[in-house]
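Beneath this line is the structure, given in structure tokens, with notes to follow.
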Protein chains: 2
Amino acid sequence: MTITMKDVASKAGVSLSTVSRVINNSTLVSKETTIKVKKTIDQLDYQINDSARALRTNISNLIGVIGAGMDNPFLMNALKSIETKALKKNYNIIYGDSDGELEQELYYVNMFKQKKVDGLIIMTANFSDELINSVKRSNISTIFASGYLDQTDLLSVTVNNIKAAEDVSDYLFDLSDYFAIIRGPYNDSVASKERMQGVKNKYKEYNIDLKDKYISEGNFTFESGYKSAEILLNNNKDLKAIFAFNDQMAIGAIKYCLDNKIKIPEEISIVGFDGIEASKYIKPTLSTVFQSGNDLGSEIMENLLKLMADENVENDNIFIPHKLIIRESSI
Amino acid sequence: MTITMKDVASKAGVSLSTVSRVINNSTLVSKETTIKVKKTIDQLDYQINDSARALRTNISNLIGVIGAGMDNPFLMNALKSIETKALKKNYNIIYGDSDGELEQELYYVNMFKQKKVDGLIIMTANFSDELINSVKRSNISTIFASGYLDQTDLLSVTVNNIKAAEDVSDYLFDLSDYFAIIRGPYNDSVASKERMQGVKNKYKEYNIDLKDKYISEGNFTFESGYKSAEILLNNNKDLKAIFAFNDQMAIGAIKYCLDNKIKIPEEISIVGFDGIEASKYIKPTLSTVFQSGNDLGSEIMENLLKLMADENVENDNIFIPHKLIIRESSI
DNA sequence: TAAAATAATGAAAAGGTTTTCAGAAATCGT
DNA sequence: ACGATTTCTGAAAACCTTTTCATTATTTTA
């Protein structure tokens with residue numbers, strides 16, 4: 001039923017090989033033949049069978065991406081950028097969202113192995129050993145992109161979470177004797193872990209005790225930010241500043257303050273992380289660490305392409321720029 | 001280099017066919033052989049070659065989705081739901097974002113044809129004739145999901161944009177003699193067109209003149225909402241209500257009002273569309289037409305699976321529920 | 001117990017490409 | 001004008017599965 005190269009060949013009166021050559025822009029076919037074949041391809045509305053091609057060439061033109069959280073605008077910006085870059089090189093993105101479930105992640109890695117993806121991008125919240133091992137065994141060119149990796153044989157692209165958190169800490173210590181933190185899930189997020197590290201570094205540097213009651217665990221949602229703000233403000237009567245590990249939680253925290261007539265930034269300063277578009281359009285506008293999803297995506301793809309081409313990649317851990325942007329939610 | 005079924009077969013001391021049978025859970029292989037083969041598969045870490053399988057079976061286990069706007073949380077919710085449902089049936093999602101470019105869309109349809117996707121979901125902003133024709137020619141089971149389609153041989157799943165806009169109109173006419181609209185791009189969005197139709201219906205029903213100056217064209221971004229609010233408020237001194245065709249634009253409009261000390265809802269009521277999570281966390285909270293991305297995704301997949309299984313689908317145009325939710329931004 | 005049915009296995013074809021190898025036709029150099 | 005290149009084309013193998021058909025071994029039936 002479906003039209004194959006064979007049909008094209010016989011209709012055009014040439015051999016299979018010739019048709020294939022035309023399709024792949026081989027130089028060794030005469031101009032007239034090329035035209036003739038192309039015309040028949042159009043006439044028959046012939047479509048390449050990518051499975052057959054992939055089988056033969058061992059190239060799938062597929063890049064697998066495993067991520068956590070399609071409700072995360074920053075991640076989606078990065079994904080969009082990845083997709084755009086990929087398409088330019090004729091790669092299609094095959095995306096699997098794990099929702100943070102390890103089992104899902106492993107399942108996806110397996111599926112992607114079977115699909116023989118040419119490259120793999122891991123943007124999961126956490127990098128479990130099982131995941132890393134499964135990826136390593138696969139021998140697929142892979143970029144990790146939620147945080148730093150200490151394994152020298154693996155490549156990561158990420159914002160410098162530690163440094164960024166240190167920047168925020170420095171800024172907030174200027175405003176107040178201490179500040180509270182709305183972090184991500186304790187065991188499930190590299191980014192959260194790293195940002196926490198940055199905070200700890202600064203608390204230590206300034207010799208200030210980082211008490212447990214300064215810290216609340218959220219899960220990167222608006223709602224968890226709202227609830228965390230309530231807890232933190234109740235437990236710390238003189239609290240003057242909160243650092244939330246993403247913008248959604250920061251916005252949730254702001255909402256809690258507004259609902260409870262707590263003045264921002266007069267009574268409390270709030271800083272987020274990511275710099276999503278919405279952070280500019282809430283009132284008060286949100287102070288936040290801006291990182292560009294576009295930057296992340298570009299850097300990921302650039303390096304992945306190098307990796308796939310077996311070129312040397314200069315650095316194990318690549319950082320994208322970040323910038324603390326002060327807006328109305330902090331003073 | 002790569003391990004194939006042949007390797008498994010010879011190591012396990014059985015034939016190729018037997019290995020294949022074990023992998024595909026055929027009943028006609030003895031218990032012992034099954035165990036033996038499975039063990040060797042584990043030992044060798046054998047992975048199926050999906051290209052070969054797809055070539056042979058003509059089933060790719062791939063579902064193509066073409067969408068516009070990964071920065072649209074509602075769309076992403078739907079996509080997430082699609083993906084979850086798909087995975088349960090062992091389908092992988094291959095997503096292409098067109099950014100509203102027709103050329104991109106056609107390109108993706110072509111790529112997906114070549115990849116021999118088993119099903120196709122079109123969530124682009126607009127359904128151009130070219131796109132529709134290309135899809136039709138492909139003979140791939142397809143669901144359209146941004147708006148209603150009058151072609152009886154195609155299936156669409158969408159919120160009832162017309163009815164929803166009528167609901168909002170009725171509500172706003174209760175508040176004020178007229179209201180302004182922030183719509184989507186003129187030619188590029190079915191949803192916008194349909195919602196506009198709903199508005200027009202009600203203006204007509206109540207015999208009110210829908211003046212051009214009541215309408216501003218946005219592009220579904222925060223920023224365009226902000227700018228549109230400025231234009232509308234400047235051109236209509238006694239304006240009491242604005243209907244924005246999505247939540248982002250509504251939030252942008254709110255921001256403009258707050259920036260300019262225009263009281264919401266006392267001086268102006270604002271209603272959005274979609275009911276994204278953020279609409280609950282801005283201040284004032286946003287009145288909006290809620291539709292569930294989850295509903296949309298489920299309904300799409302359910303019908304797509306039926307379509308792919310050649311089952312009859314009862315309805316050409318399937319509507320998912322919507323609900324006008326009144327919050328603080330309107331009275 | 002012999003014939004018939006069932007269960008388990010293997011050999012081989014088919015699916016649609018790409019690519020190597022060989023060969024024919026055309027062009028070149030001298 | 002002849003052999004040597006160069007240009008173009010075709011035949012056939014290979015990629016890795018699934019599946020049909022045939023075959024052997026086992027169990028059932030009368």
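- Contact check for A/Tyr46 versus A/Ile23: side-chain heavy atoms found under the 4.5 Å cut-off.
- Taking 4.5 Å as the limit, some side-chain heavy atom of A/Ser134 sits within range of a side-chain heavy atom of A/Lys113.
- Between B/Arg53 atom CZ and C/dG16 atom P the separation is 18 Å, expressed in whole Å.
- Residues B/Ile122 and B/Ile143 form no side-chain contact, since every pair of their non-hydrogen atoms from C-beta on lies 4.5 Å or further apart.
- For A/Ser30, whose side chain is taken as the heavy atoms from C-beta onward, the closest listed nucleotide among D/dC16, D/dC8, C/dT17 is D/dC8.
- At whole-Å resolution of the value, NZ in A/Lys116 and C1' in D/dT17 are 11 Å apart.
- In this structure, B/Asn58 places its CG atom 7 Å from P of C/dG16, rounding to the nearest Å.
- Counting heavy atoms from C-beta on, the side chains of A/Met123 and A/Leu296 come closer than 4.5 Å.
- Using a cut-off of 4.0 Å between Lys/Arg side-chain N and Asp/Glu carboxylate O, A/Asp45 and B/Arg137 are scored as salt-bridged.
- Of the residues in residues 43-51 of chain A, those lying under 4.0 Å from DNA chain C by heavy-atom distance are A/Tyr46, A/Gln47, A/Asn49.
- For the pair B/Ile3 CD1 and D/dC15 P, the computed distance is 15 Å after rounding to whole Å.
- Atoms NZ (B/Lys115) and P (C/dG16) sit 18 Å apart, rounded to a whole Å.
- At the phosphate of C/dG16, OP1 or OP2 sits under 4.0 Å from a side-chain N or O atom of A/Thr2.
- Distance CG (B/Leu16) to P (D/dC16): 11 Å, rounded to an integer number of Å.
- For the pair A/Glu32 CD and D/dT7 P, the interatomic distance rounds to 15 Å; values are reported in whole Å.
- In this structure, B/Gly13 and A/Arg56 both approach DNA chain C, and ranking their closest nucleotides by distance from the 5' end singles out B/Gly13.
- In this model, the phosphate group of C/dG16 is not approached by any side-chain N or O of A/Thr4 to a distance below 4.0 Å at OP1 or OP2.
- Using modelled atom types, one side-chain atom of A/Thr142 and one backbone atom of A/Ile140 make a donor-acceptor pair closer than 3.5 Å.
- Taking atom NZ of A/Lys6 as the reference point, atom P of C/dT18 lies 16 Å away to the nearest angstrom.
- Non-hydrogen atoms lying under 4.0 Å from DNA chain C are contributed by A/Ser17, A/Ser20, A/Arg21, A/Asn24, all within residues 17-26 of chain A.
- Residues B/Asn24 and B/Arg53 bring a donor and an acceptor atom of their side chains to less than 3.5 Å of each other.
- Side-chain atoms of A/Ser30 and A/Thr33 form a donor-acceptor pair, as typed in the model, at a separation below 3.5 Å.
- Among C/dG10, C/dT9, D/dT17, the nucleotide with an atom closest to any side-chain atom of B/Thr33 is C/dT9.
- Other residues, nucleotides and ligands place no more than 12 heavy atoms under 6.0 Å from the CD atom of B/Glu103.
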